[in-house]
2 protein chains.
Amino acid sequence: MKPFSSYKNPALAVDLVVFGYHEQNLSVLLLNRKEAPFKDQWTLPGAFLQIEETFQQTCSRILKTKLGMDDVYLEQLFSFDDPARDPRGRVISVTYYALVNPHKLEIAAGKMANDVQWFNVKKIPALGFDHKKIFDKALQRLKSKILYFPVGFELLDELFTMSELHQLYECILGIEIDRRNFSRKMLVAEYVINTGQKREGLQNRHPELFRFNKKLKHHNFQLNIINP
Amino acid sequence: MKPFSSYKNPALAVDLVVFGYHEQNLSVLLLNRKEAPFKDQWTLPGAFLQIEETFQQTCSRILKTKLGMDDVYLEQLFSFDDPARDPRGRVISVTYYALVNPHKLEIAAGKMANDVQWFNVKKIPALGFDHKKIFDKALQRLKSKILYFPVGFELLDELFTMSELHQLYECILGIEIDRRNFSRKMLVAEYVINTGQKREGLQNRHPELFRFNKKLKHHNFQLNIINP
DNA sequence: CTTTCTTTGTGTCAAAATAACACAAACGGA
DNA sequence: TCCGTTTGTGTTATTTTGACACAAAGAAAG
């Protein structure tokens, strides 16, 4: 095909912010670069878009080859255009964020290469490129999204206790939420469904197990859980 | 500079959804193409990104050269990646939407070329490329954004009546909102400030003029104006 | 000047939602 | 059996909401 644009095209990268929820902490998957630029520094996993690929396909390729993951929740985040964001030249970065339940994948520590590591979102090291900006945007998006979309369920097991859900929200939003009001709102909104089962083998009272309500209408839903 | 990406790069276009508010109707600016593909069809204004340009600069270039506009509210919308979206080959489209007050610009009909035209958002013609998808996404974004961000003020004059603001919301959201409850919510939230002035020269009672509250804290703001 | 018609500003009020709490049941361990 | 903790289920005062009523302000018509 003959060129139809008289402009030189910038390179196009896809970068991923992979969120996971570990031991009551939100974490991000970072990759230690082996080549310049930013050799030996932590960065978000990413790859250049191949000419015939969709963004999602590039995401899948990154998740599969670099992280050994498959079939995760993905959402487009933003496209970054700072001309100086890559020292090698003009690279546009189209970014996505992923929500992963490490329990469901076997990569918790095993299959994961040792240059890939989960980091608590509160203890992020210095990142190469403009990846700190990308990460910040992703966290901000997650915070606002969780208020009107059941995003948290991607991070939890299929069955979960109300406490687990509650702690996840407190952790992502970074605020305290009254346990009892939170529970009531989740129930009256039919955000979650009580399975009747209970989690056994714990100390203290055995909590009930809930599951996400798949029939939830996402529109006209508003989870007002922030105390000023 | 030597190429650092082994991949062939797709072309990168920037397309714009320019919203305006005319005579109590939300409208979009469309451009009649003069060249193939989609010759003589309506499309969103757009251009190829030049290698040294930021997205915003490309937007400004489009607004300036094709539409004779300057200095408008811009926000990145989404990046579209369908490999078949352009018959000429692989073109990624990074899209922005703009909010314009036609009163403030002189292009209402005068400076505007005759291949550029405002269309009521309810009477959009068939669009070339995947521009209908882009438009739909922009309208959807505007609808949700207006509920928690004072986006409407970009579309109105600096001073406006409560009715004007009210009609704008009804028009964008496509629903009826109780005039009196709307007014009360806008005032208690300090979304708008009463200037004390009144609009003269109208029939009937002269309405008070308001202005946007620039000290508004956008966070923890929630405008609940939808009646179920 | 009075009447009429429309728009605008300001209330009212019952119902629903919210935030802040109280308390008892359920569990393991001492 | 008692203790400390977690969990489930209320209660209550306060705020917010939705759905109205009504009078004041203006222009036009008689």
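To find a chain, count down the sequence lines: A is the first, B the second, and so on, and within it residues start at 1.
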In whole angstroms, how far is the [atom2] atom of [N] from the [atom1] atom of [X]?
X	N	atom1	atom2	value
A/Leu187	D/dT7	CG	P	15 Å
A/His206	C/dG29	NE2	C1'	13 Å
A/Leu202	D/dG4	CG	C1'	16 Å
B/Ile177	D/dA19	CD1	C1'	15 Å

Is there a donor and acceptor pair, one atom on the side chain of B/Arg184 and one on the base of D/dG18, closer than 3.5 Å?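 When only heavy-atom distances are counted, B/Arg184 does reach the base of D/dG18 through a donor-acceptor pair under 3.5 Å.
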
Over all strands shown, is A/Ser163 touching base, sugar-phosphate only, or nothing at heavy-atom distances under 4.0 angstrom?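 It contacts sugar-phosphate atoms only.
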
In terms of side-chain heavy atoms of [X], which of [options] is nearest?
X	options	value
A/Glu208	C/dT8, D/dG8, C/dT18	D/dG8
A/Gln203	C/dG28, D/dT9, C/dG9	C/dG28
B/Arg205	D/dG18, D/dA25, D/dT9	D/dA25
A/Arg180	D/dG10, C/dT18, C/dA26	D/dG10
A/Asn204	C/dT7, D/dC20, D/dT5	D/dT5

For the side chain of A/Arg141 and the backbone of A/Gln76, is there at least one donor-acceptor N/O pair under 3.5 Å apart?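 Judged by distance alone, yes, a pair lies under 3.5 Å.
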
Are any side-chain N or O atoms of A/Gln57 and backbone N or O atoms of A/Thr54, one a donor and one an acceptor, separated by less than 3.5 Å?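 Looks like yes, one N/O pair under 3.5 Å.
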
Shortest non-hydrogen separation from A/Glu164 to A/Tyr21 and the atoms involved: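 Where A/Glu164 meets A/Tyr21 most closely, the heavy atoms are O-OH, 4.2 Å.
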
Relative to the 5' end of DNA chain D, which residue comes earlier, B/Val188 or B/Glu200, by the nucleotide with the nearest heavy atom?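 It is B/Val188 whose nearest nucleotide is closer to the 5' end.
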
Tell me whether A/Lys132 forms a cation-pi arrangement with A/Phe135, defined as NZ or CZ under 6.0 Å from the six-membered ring centre and within 45 degrees of its axis.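 No, cation not above the ring by the 6.0 Å, 45° rule.
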
